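One structure below.
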Amino acid sequence: MEAVGAIVGALAATTSGLLCSCVCSKANTTVNLHSNLAAVKEKMKSLTDRIKEVKRETEKEEKEGNEIRDQVVTWLEDVERLQPRVNAIQGQMVDNKKPSRCFLNCRKRYRVSREVEETLNEINRLLEAGNFDSGVVCRTRVPRAVECIPGPSIQGQTTALKKLDETMRALSADGVQVIGIWGLGGVGKTTLVKNLNNKLVDDSTQPFGIVIWVTVSKNLVIKNIQTQIVERLKLEKVMEESEQRKAIRIYERLKKEEKFLLILDDVWTKIDLDALGVPRPEVHKGCKIILTSRRKEVCRTMTTNLEIKIEGLNDVEAWQLFCQKAGDVAHLEDIKPLAEAIVKECCRLPLAIIIVGAAMRKKTKVELWKHALKELKRSVPSIEGIEAEVYKPLKLSYDSLQGNNIKSCFLYCCLFPEDFPILISELVRDWRAEGLIGEGQNWGDMDEGISLIENLKDSCLLEDGPYGITVKMHDVVRDVAKWISSSSEDGCKSLVRSGIGLREIPVGEFSNSNSLNRVSFMGNNITRLPDRMIQCSKASVLLLQDNDALDTVPEKFLQGFEALKVLNLSGNSIRSLPHSLLQLRDLRVLRLRHCSNLEELPSLGTLTKLRELDLHGTCIANLPRWIENLSELRVLNLDETEKLKSIQPGIISKLSCLESLSMLNSGFRFRLKGEEDGQATFEELKSSFNRLHYLIISLNGIPWEKSEDLSWMNRMSHLELFFYQSPGRRGLIRIDETRFVIGNLDLSLLKEWIGWFWGNTSSLQLSECTGLDEMLEDFIKSDASFAGLKSLFIENCPTSLVRGGGCAARCDLLPNLEELHLFSMENLNSFSELAGHLGVRVHSLKSIEVQFCSEMKYVFSCGDFIQTLPNLEVIKVWNCKNLKELFKNESGQSISPNPMVPKLRILQLMNLPKLETLCRNEETWPCLEQVEVWGCKGLRRLPFTNQNAGTLEEIIGESEWWDALEWDGDQTKSSLLPFFNPYQ
């Protein structure tokens, strides 16, 4: 019994201890409820802030095509799952504000306490895990699965949409790996496939790891296709890499994709997938290929599983498209029957309908429509088959061109390779060299040429090219132009063999050479030219540029081209020029751009009709003396001639017709007074200022005297002067038709003439200059006022001027200032301080933009000096990390009851982490149309009420910021909600 008693006693003691421990633990949990609730509230606020930061960062990285790390994705999912638990707890806090009866609901209280404690632990874990020391993105840059390809929509085109659906179904079928889309040129094959690609962009369930778009074009170059694939896969670019090595890298990368789609657009012949480095579909079951071609035979050679023919539009769609391009005139009673007949003649081909419709746009005379229809029916191209069905309607647009020589100008554009971006400035000068547009005008005058180009674009015969400085031809339009020019009897007969991969020129190409007017072999791989005389006595244009392996022009080759006006040898490896070049007495344009092996030139002084000489990027060390004999020379380009060290005095000044001298990044610097060493001086160049309108040169310092007349600068359409005043520092003065720019100079040393720049331009930019304060102080002391200056840019120019410091202006320095840009202005507390010191009343100010002014605390102060900004329409403030207020109310100052900015339309505030207020609470902005806010989490109020929101069109911002805004009433927020668009 004693043993039993001992055992029972031991068990009782153990049980009692465990029970006591458990009770104590539960008691602690219950007792800590209130502190834990407070901790949950506090910690959750920190976690919410961190969530916003992470989401903002991940959204930004996703837009840039970067892949978010799995750890970050999981963290965001955990946070999302936590939110309902926190909401429930906070709901209970509200419901249980009244004290409950003591210990009557202990069990429930403990359960709630334990849940709060667990939630707090999870919040702490997520806060710790959310630091992401390694960043939120994967270190390797991963391409987006699908990239949007710009192009016209087929929405509403029933025929095309059916083909799109058929292609999409085939794409998802297991037994179909290669799909051929084929049909006439201009029928809409590329447009269809672009719409397919863009549909995949919006399909979250699409199965492909990556979709690759490649434009092939008629001249198949494996290296070019590989380059497009490498760029799309974001593989490392390796210079001088062989095709085989590149193919291996592409293969290894694509082999890792479980599924991928390769779209090959505009295929003209069989493509060897092995040479490209693309795994064959029979080897890689996840590989799918779509190709477009004009020929079904090409699809077959590519072993397609399915060929889908793209037919023309149906009659209804064709009529709708034609009316869209031709306009309401097509519906006029007398014209409609003729318009319908013209549409029928266009064979339901979208490209033809677009071009012909544009040609007939706004033509109201019935006779013009009858003539157009007659021409369409009568025109019978020499090319048979499907090509004739394309050329027949397209030729109408060419035939309908009106104006002197516009047809010849259009046909000139087919001399360039397919899809080639044609530089507008060179194109216009070539037209002028041929005498197609006014030779009497300044060589650099682009107006007539631009007008002609716009005419061709309006007729859909030219398209905009990249960067706004080039044009292109649609490949079908180019084919028609080549067809026309191959048999033209209007002085435009052309031999066009550009961009087709030729390695040499067969003599047979010139079988009827004496009737040729233009010859183009540009953009090939030609290594040698025929070493014999080619009889092309009528040819005015010879284009041989971009044959980079061509190192010699045989002496005999040019002897038969005695009528040449344009000769382009740019981008070749030639080391010397033949003396037969001297016989081209009618030559107007000679381009040797990027002939980097060319060190010397023969004496070309006999080419007295030469208007343009382009030596850009050549290796000449001396400018030959004979150039002074080129009495008609208008354009001399010496850009990037880094080895050029000598220009003898008198050469440039004797070029009495010179309009443009460009020496950007040339090795030669014009000498100043006192530096005479047998080289050309700036003083000598002054004699040319009355005719020069384009000038880019370098000098060893400022070339003019203190009080010198600088009015010659106003005659320049473009001027760039680079000053090497000290090692490593290159100053700049640039003047063009829109702005004067002064860069990287000490403004305090220029005070004798700097006022001339302020007083002779409507737009001035100061960039990375020192001495700003001293210059402005001089202006103030002299009571200067620049009434003509309307736009001012100041970038990275240190200033310490503040209102009340130094001497204050007695008059308005910039009475008519309309546009102000301030970038990276250190030590500037506000624009108002600067304006007050300079006496700038800003009554005319319409737009202000402030960026990266790190010390700025506010932009405007409201008080005696600036009561209102009556004409301000646009405010943009970016990346000012210490900005707290947009408008600061000065204490003790009288403030106008009227709105500070009664005409403000656009407000853009980006990345201003300390911004809290825009204006006084009672302020209203009655004309505000657009508000954009990002990265301004401290901003809680907008200047809107129900009464002043009538002009609002859009509010763009983060959803979290919008939800946190404070309003005078719920009605205001609900009335503005339809205008809010969250950042995606």
Side-chain angles (χ1 to χ4, degrees), residues 738-739 761-767 788-795 812-825 828 830-836 838 840-853 856-862 865-880 883-888 896 898-912 915 917-920 923-936 939 941-944 948-958 961 976 979-981 983:
T738 60
R739 186 177 302 164
T761 182
S762 61
S763 180
L764 176 66
Q765 177 177 334
L766 305 176
S767 180
L789 192 61
K790 295 184 177 181
S791 177
L792 178 62
F793 295 68
I794 305 180
E795 176 183 8
D812 194 335
L813 185 70
L814 302 169
N816 297 313
L817 187 67
E818 296 179 359
E819 182 182 9
L820 177 66
H821 297 252
L822 300 174
F823 298 86
S824 299
M825 296 292 290
L828 186 63
S830 77
F831 164 68
S832 285
E833 285 189 349
L834 182 61
L838 301 178
V840 178
R841 295 281 175 179
V842 292
H843 292 311
S844 301
L845 191 66
K846 294 181 179 180
S847 172
I848 183 170
E849 183 172 346
V850 181
Q851 291 193 36
F852 296 101
C853 294
M856 187 170 284
K857 304 296 191 301
Y858 58 92
V859 181
F860 300 102
S861 61
C862 313
F865 186 73
I866 298 180
Q867 286 279 329
T868 182
L869 296 158
N871 292 297
L872 189 62
E873 297 179 8
V874 179
I875 297 176
K876 296 182 179 181
V877 187
W878 288 42
N879 299 301
C880 298
L883 191 79
K884 293 184 177 181
E885 301 173 89
L886 195 60
F887 290 89
K888 178 183 179 182
S896 170
N898 299 319
M900 274 289 294
V901 281
K903 293 185 179 179
L904 188 68
R905 297 184 299 105
I906 297 172
L907 177 65
Q908 191 179 81
L909 306 170
M910 310 293 282
N911 195 26
L912 308 171
L915 180 65
T917 59
L918 299 181
C919 56
R920 52 187 174 171
E923 177 82 16
T924 58
W925 296 346
C927 294
L928 201 56
E929 297 172 4
Q930 185 184 69
V931 178
E932 185 173 2
V933 179
W934 181 85
C936 305
L939 183 62
R941 295 185 68 88
L942 295 179
F944 288 118
N948 78 326
T951 60
L952 189 66
E953 296 177 1
E954 186 177 35
I955 300 176
I956 305 172
E958 301 144 296
W961 167 78
L976 295 176
F979 303 106
F980 177 68
N981 289 319
Y983 277 115

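Fair warning: this is a prediction, and the values are worked out from it, not measured in the lab.
K884 is linked by a side-chain hydrogen bond (donor to acceptor under 3.5 Å, both in side chains) to nothing, counting only residues two or more places apart in sequence or in another chain. Scanning for side-chain hydrogen bond (donor to acceptor under 3.5 Å, both in side chains) contacts around S847 gives an empty result, with sequence neighbours left out. Listed by chain and residue number, Q908 satisfy the side-chain hydrogen bond (donor to acceptor under 3.5 Å, both in side chains) test with W878 (two or more places apart in sequence, or in another chain). Residues that satisfy the side-chain contact (heavy atoms from CB on, under 4.5 Å) test with E954, not counting sequence neighbours, are Q930, I956, N981. Residues that satisfy the ring pair (Phe, Tyr, Trp, His ring centres under 6.0 Å) test with F979, not counting sequence neighbours, are absent from this structure. With sequence neighbours excluded, the residues that form a side-chain contact (heavy atoms from CB on, under 4.5 Å) with F887 are F860, C862, L869, I875, M900, V901, C919, W925. Judged as a side-chain hydrogen bond (donor to acceptor under 3.5 Å, both in side chains), and not counting sequence neighbours, N816 has no contacts. For E929, the salt bridge (charged side-chain N to carboxylate O under 4.0 Å, His left out) test picks out R905, with sequence neighbours left out. Residues passing the side-chain contact (heavy atoms from CB on, under 4.5 Å) test with K857, sequence neighbours excluded: N829, E855, N882. Residues forming a salt bridge (charged side-chain N to carboxylate O under 4.0 Å, His left out) with E958 (at least two apart in sequence, or on another chain): R56. Taking F793 as the reference, H821 meet the ring pair (Phe, Tyr, Trp, His ring centres under 6.0 Å) condition, with sequence neighbours excluded.
To the nearest 0.5 Å, atoms CG (L838) and CG (D812) are separated by 9.0 Å. Note: F980 CZ to W961 CH2 = 6.5 Å, rounded to the nearest 0.5 Å. One distance of note links NZ of K876 with CG of L909; it measures 11.5 Å at 0.5 Å rounding. Rounding to the nearest 0.5 angstrom, the gap separating the CG atom in L883 from the CE atom in M856 is 7.5 Å. In this structure, L942 CG and I955 CD1 are separated by 6.0 Å, a value rounded to the nearest 0.5 Å. In this structure, R941 CZ and L918 CG are separated by 10.5 Å, a value rounded to the nearest 0.5 Å.
The two residues H843 and P870 come nearest to each other via the heavy atoms O-CG, 3.6 Å. Between L904 and V874, the shortest heavy-atom distance links the atoms CD1-N, 3.8 Å. Heavy atoms only, all atoms of each residue included: C853 and L822 are closest at SG-O, 4.1 Å. Nearest heavy-atom pair, P902 versus C927, reported as atom, atom and distance to 0.1 Å: O-SG, 3.2 Å.
Annotation: side chain of L817 is not in contact with side chain of S844 (no heavy-atom distance under 4.5 Å). Annotation: side chain of L820 is not in contact with side chain of L814 (no heavy-atom distance under 4.5 Å). Residues L928 and L907 have side chains in contact (heavy-atom distance under 4.5 Å, counting atoms from C-beta outward). Residues I848 and F831 form a side-chain contact, since some pair of their non-hydrogen atoms from C-beta on lies under 4.5 Å apart. In this structure, the side chains of T738 and S763 stay at 4.5 Å or more apart for every pair of heavy atoms.
With T951 contributing its side chain and P926 its backbone, the two residues share a donor-acceptor pair below 3.5 Å. Checking side-chain atoms of N911 against main-chain N and O of W934 turns up no donor-acceptor pair under 3.5 Å.
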